[in-house]
Amino acid sequence: MSGDQLHNDSQIEADFRANDSHKHKDKHKDREHRHKEHKKDKEKDREKSKHSNSEHKDSSEKKHKDKEKTKHKDGSSEKHKDKHKDKDKEKRKEEKMKSSSGDIKIKKEKENGFSSPPRIKDEPDDDGFYASPKEDSKPLKRPREDDDADYKPKKIKTEDIKKAKKRKQEEEEDSKAKKIKSKDKKVPDADKRKKPKKEEEQKWKWWEEERYPEGIKWKFLEHKGPVFAPPYEPLPENVKFYYDGKVMKLSTKAEEVATFFAKMLDHEYTTKEIFRKNFFKDWRKEMTSEEKSTITSLSKCDFTHMSQYFKAQTEARKQMSKEEKQKIKEENERLLKEYGYCVMDNHKERIANFKIEPPGLFRGRGNHPKMGMLKRRIMPEDIIINCSKDSKIPAPPPGHKWKEVRHDNKVTWLVSWTENIQGSIKYIMLNPSSRIKGEKDWQKYETARRLKKCVDKIRNQYREDWKSKEMKVRQRAVALYFIDKLALRAGNEKEEGETADTVGCCSLRVEHIKLHPELDGQEYVVEFDFLGKDSIRYYNKVPVEKRVFKNLQLFMENKQPEDDLFDRLNTSILNKHLQDLMEGLTAKVFRTYNASITLQQQLKELTNPDDNIPAKILSYNRANRAVAILCNHQRAPPKTFEKSMMNLQSKIDAKKEQLADARRELKSAKADAKVRRDEKSKKTVESKKKAVQRIEEQLMKLEVQATDREENKQIALGTSKLNYLDPRISVAWCKKWGIPIEKIYNKTQREKFAWAIDMAEEDYEF
DNA sequence: GGTAATACTTAGGATAAACGTC
DNA sequence: GACGTTTATCCTAAGTATTACC
């Protein structure tokens, strides 16, 4: 157990102090063209190989170079590769020389503190109270009423109802205020009745049922199909578009696309060159030939009037009367009721995204080469419907046809279509509260728990592998060490030019790390600096073991900054290896495992039994935060952050004054009582005492809130809470300390984690 | 065996709704 | 009840991993 892997309070504190520089969204700018040269080189290489290798087909050429990189099955391919790389390098050097003047240096960042997963203690295995959904437990039958003929949303076992009722009651209490409010709002009777009574009360406990055999996702599926985006409504006559200072009436198609841009006018996107270029190119495709010949420059286009019109509309929407708002709400509810649910195997389940994505401009994240491109309108003819053969097949809108109707129960999606920006498939799937998602989620945490049992062995093995004679094995071992220690993502290969230039572990390049034999009094420090998923910057200085350090030096030998650090490795090689170590093990399981185990340990460490509830919740949030830091879950500081902190501070100040006053009053009441010695003054003292206590508590609450908020400035807790932390840990913690679960999970989260809330007891161990 | 296609999870920002305060 | 702030929900991009295909 190495000390550097231990989290402690002060370390976490340090993390927060340092994270002024944690969020780096803006900093991308100075990196934006860092890889341009690299890309250009590769582009050139492609060209080169095209010419020298005429039998290659276009499509294979595009990948040629990358593929070469990943070929390392045997010595010959390695040789080939090296040769190839040498050529590349020379070329790059030249290019580099030419371009180095334009290379912008990255701003130096403060260290964001090294947060690494804590070490694993040997803990008793607790596999067992509930049948865990392991892959190996594959029941052949599911003891449900699977008669495919009758699929009304089902009633649930009666014994569940009590508990469900209880839960419901709690929820109701929790949202008492809301309900009262909604009553005030004169919700129509029908609405008032339907929700609380029927379905909600009878929550189905799918986790108490046996699962389908591997591969089968459902036996019956019926739904109403997707909801399409509303058709385009042309602008009113008085809303003008100007070109080169003159009013210009646009054709409907061109106007629609123009409105997409106008709606984003205040956004930084519209100032970016790539965005503008892509937009203009796609916009022109929608223009009439006349428009095309007139509108030749985007900078001469004036969308401000259109933009103002949309702003006014937004404003008007805000100003709508209660009745109007209510009407919209009801319409949405109707839509939800009709299209928002499906029937899957006797149960009515909520659909996550039943609305088709409307057309608009593509907003890629980070430095995305396709930002600004037109996302076209999806028509029924683009849609593939997936449902049961014997279900009522959804009808396409009048005058339209579906692209296809299929009946594939090996998948979970209900609807799919291919989007035009990346050519990827989009799906309509079920809500996280559904059985099909919940089971998978549960299974994910069970896999992570299995990793817990063999992680020591795996760690020993990769440490051994650092000494391997085979380069490939060494690289794999070092990469795995990073994935384990730093919770890095796997790092699949990406197609160049199609997406922002981001990397994960296996795709790290030499330029993404710096080696410091000694730094700030620590030996063998690796400095990471790269853009990860969503172009979120990962910056960390990590002391590593000597052998890792030496290996990294070796991997970087004779390489250019743009070369892959792990040139003999990719995610599929790594995952194949992991599969051999443990069934179901992949790189991402380490993230889940380390996140959950960190939460559990942090909770143990930080929870003070004597604390009151708000203080305990602060501890919980701090534990959660440790995980968020580990996983590098960042957010842009809220725009109103400073202001809200100031508000809170003034509240605290006011409370302090109030407390001082109350204390003074108590003091004089005491003095008074001493003199008078009567019942009345005694009572006054008591009540003043209570007042002081009450105010002290309020003050403490506010102070805790301020601490929490400050520490959370740039850290997003939600992602880890929703995706990485075994909810049973949180549930057990709540039960152990008598914290209402509502303080930790909101309604949606409670729905998603219903299985965990129901099954975890206070002694649950991850 | 490599690549492309597919399916699904994870992610942060935008927006809407709820809430608190005056 | 208006308004500002906070929180929840929605949205969809961007990952991972597996599967299908040549």
Side-chain angles (χ1 to χ4, degrees), chain A residues 23 25 59-60 62-63 66-68 70-71 73-74 77 175 177-178 181-182 215 217 264 267 314 317-319 322 325 328-329 332 352-358 360 362-366 368 370-371 375 386 408 410-413 416 418-419 421-427 429-432 436-437 440-441 444 489-495 498-500 502-507 532-536 570-572 574-576 578-579 584-589 591-592 631-636 638-641 643-644 647-648 651 705 709 716 718-720 722-724 745-749:
Chain A
K23 190 78 194 177
K25 305 260 147 101
S59 58
S60 63
K62 200 169 178 229
K63 297 268 160 73
D66 294 342
K67 301 313 149 176
E68 289 302 332
T70 56
K71 255 189 229 164
K73 287 289 150 206
D74 55 45
S77 67
S175 56
K178 291 178 219 163
K181 246 191 179 170
S182 64
K217 304 293 167 65
M264 291 175 76
H267 203 288
T314 312
R317 225 173 301 134
K318 276 188 206 155
Q319 300 302 325
K322 254 189 189 171
K325 280 184 183 168
I328 293 174
K329 205 177 165 190
N332 285 337
N353 55 325
F354 57 92
K355 289 179 185 159
I356 300 280
E357 295 170 20
F362 176 73
R363 304 154 90 116
R365 303 195 184 134
H368 201 296
K370 296 192 171 184
M371 65 168 89
K375 254 178 71 164
N386 191 32
D408 182 358
K410 307 270 193 305
V411 296
T412 67
W413 54 269
S416 75
T418 302
E419 105 351 295
I421 304 291
Q422 315 278 4
S424 64
I425 308 170
K426 300 259 183 167
Y427 302 93
M429 290 185 189
L430 295 193
N431 200 50
I436 214 160
K437 293 289 181 191
K440 199 80 189 295
D441 209 34
K444 172 180 76 186
R489 295 187 185 83
N492 281 335
E493 285 145 296
K494 301 167 70 182
E495 211 167 322
E498 297 290 304
T499 59
T502 63
V503 297
C505 186
C506 292
S507 49
K533 182 177 178 179
D534 291 325
S535 295
I536 297 291
N570 62 36
T571 53
S572 100
L574 178 65
N575 281 337
K576 250 177 219 141
L578 293 175
Q579 195 61 237
L585 186 60
T586 63
K588 96 187 178 81
V589 177
R591 241 165 111 82
T592 312
C631 295
N632 201 37
H633 291 145
Q634 303 184 31
R635 63 167 184 169
K639 283 179 194 113
T640 53
F641 184 83
K643 202 175 162 195
S644 90
N647 286 348
L648 196 51
K651 266 189 189 172
Q705 205 185 339
R709 193 176 296 175
T719 306
S720 50
L722 233 46
N723 301 300
Y724 288 103
Y745 292 136
N746 67 30
K747 187 167 151 272
T748 316
Q749 291 164 340

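Predicted model only: the values in this text are computed from it and were never measured. Letters A, B, ... mirror the listed sequences (proteins, then strands); counts begin at 1.
Residue N386(A) contributes atom CG, which lies 9 Å from atom P of dC8(B) at whole-angstrom precision. Summarising the geometry, the separation between CZ on R489(A) and P on dA14(C) is reported as 13 Å, rounded to the nearest angstrom. Rounded to an integer number of Å, the gap from CG of N632(A) to C1' of dG12(B) is 12 Å. Rounded to an integer number of Å, the gap from L722(A) CG to dC10(C) P is 13 Å. Look at NZ on K325(A): it is 17 Å from P on dT15(B), rounded to the nearest Å. Whole-Å rounding puts the E495(A) CD to dA14(C) P distance at 14 Å. Regarding R365(A), its CZ atom lies at a distance of 11 Å from the P atom of dT12(C), rounded to whole Å. Spacing between atom CE of M371(A) and atom P of dA13(C) amounts to 13 Å, rounded to whole angstrom units.
Side chain of I425(A), nearest nucleotide from dA7(B), dT10(B), dG12(B): dA7(B). Of the candidate nucleotides dA16(B), dA14(C), dT10(B), dA14(C) has the atom nearest to the side chain of Q422(A). Distance from the side chain of D534(A) is smallest to dG12(B) among dC8(B), dT12(C), dG12(B). Taking the side chain of T748(A) as heavy atoms from C-beta on, and the options dA11(B), dA13(C), dA8(C), the nearest nucleotide is dA8(C).
Among the heavy atoms of the strands lying under 4.0 Å from G532(A) are primed sugar atoms or P, OP1, OP2 only; no base atom is included. Looking at heavy-atom distances under 4.0 Å, P358(A) makes contact with sugar-phosphate atoms alone, never a base. Note on G504(A): nothing from the nucleic acid sits closer than 4.0 angstrom, heavy atoms only. Residue K217(A) is in sugar-phosphate contact alone, with no base atom involved, counting any heavy-atom pair closer than 4.0 Å across all strands shown. Counting any heavy atom pair closer than 4.0 Å across all strands shown, S416(A) reaches no nucleic acid atom.
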With sugar-phosphate taken as primed atoms, P, OP1 and OP2 and all else as base, the protein-contact string of nucleotides 17-22 of chain C at under 4.0 Å (heavy atoms; B, S, -) is BS----
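For the pair M429(A) and I436(A), the minimum side-chain heavy-atom distance is 4.5 Å or more. Taking the side chain as every heavy atom from C-beta outward, K494(A) and T502(A) approach each other to under 4.5 Å. At least one side-chain heavy atom of E498(A) sits under 4.5 Å from a side-chain heavy atom of K370(A). Under the 4.5 Å side-chain criterion, counting only non-hydrogen atoms from C-beta, E419(A) is not in contact with K375(A).
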side-chain hydrogen bond (donor to acceptor under 3.5 Å, both in side chains) between K437(A) and T412(A), intermediate numbers included = CA-CA 9 Å; K437(A) 293 289 181 191; T412(A) 67; 4.5 Å; no
Begin with the C-alpha distance, continue with both residues' side-chain angles, and end with the deciding distance and a verdict on side chain to side chain contact (heavy atoms under 4.5 Å, CB included) for C631(A) and T719(A).
-> CA-CA 9 Å; C631(A) 295; T719(A) 306; over 6 Å; no
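Of all the heavy atoms in R365(A) and A500(A), the pair that sits closest is O-CB, 3.7 Å. N353(A) and Y427(A) make their closest contact through ND2-O, 2.9 Å (heavy atoms, listed as atom of the first residue, atom of the second, distance).
Distances shown here put every side-chain N or O of K747(A) at or beyond 4.0 Å from the OP1 or OP2 atom of dA8(C). Residue S424(A) places no side-chain N or O under 4.0 Å from the OP1 or OP2 atom of dT6(B). Considering only side-chain N and O atoms, K410(A) lies nowhere under 4.0 angstrom from the phosphate OP1 or OP2 of dT6(B). The phosphate of dT9(C) (OP1 or OP2) has a side-chain N or O of N746(A) nearer than 4.0 angstrom. Remark: K494(A) is in phosphate contact with dG15(C), judged by side-chain N or O atoms under 4.0 Å from OP1 or OP2. Taking side-chain N and O atoms only, K375(A) has a distance below 4.0 Å to OP1 or OP2 of dA13(C). The phosphate of dT9(B) (OP1 or OP2) has no side-chain N or O of Y427(A) nearer than 4.0 angstrom. The side chain of H368(A) places an N or O atom within less than 4.0 Å of a non-bridging phosphate oxygen (OP1 or OP2) of dA14(C).
Residues forming a side chain to side chain donor-acceptor pair (under 3.5 Å) with N575(A) (at least two apart in sequence, or on another chain): none.
You won't find any donor-acceptor pair under 3.5 Å spanning the side chain of K440(A) and the base of dT9(B), going by distance alone.
The nearest heavy atom of DNA chain B to H267(A) and to N723(A) marks one nucleotide each, and the one closer to the 5' end goes with N723(A). Place D441(A) and W413(A) on DNA chain B by their nearest nucleotides, and W413(A) ends up nearer the 5' end. Mapping C505(A) and R709(A) onto DNA chain C by nearest heavy atom places R709(A) closer to the 5' end of the strand.
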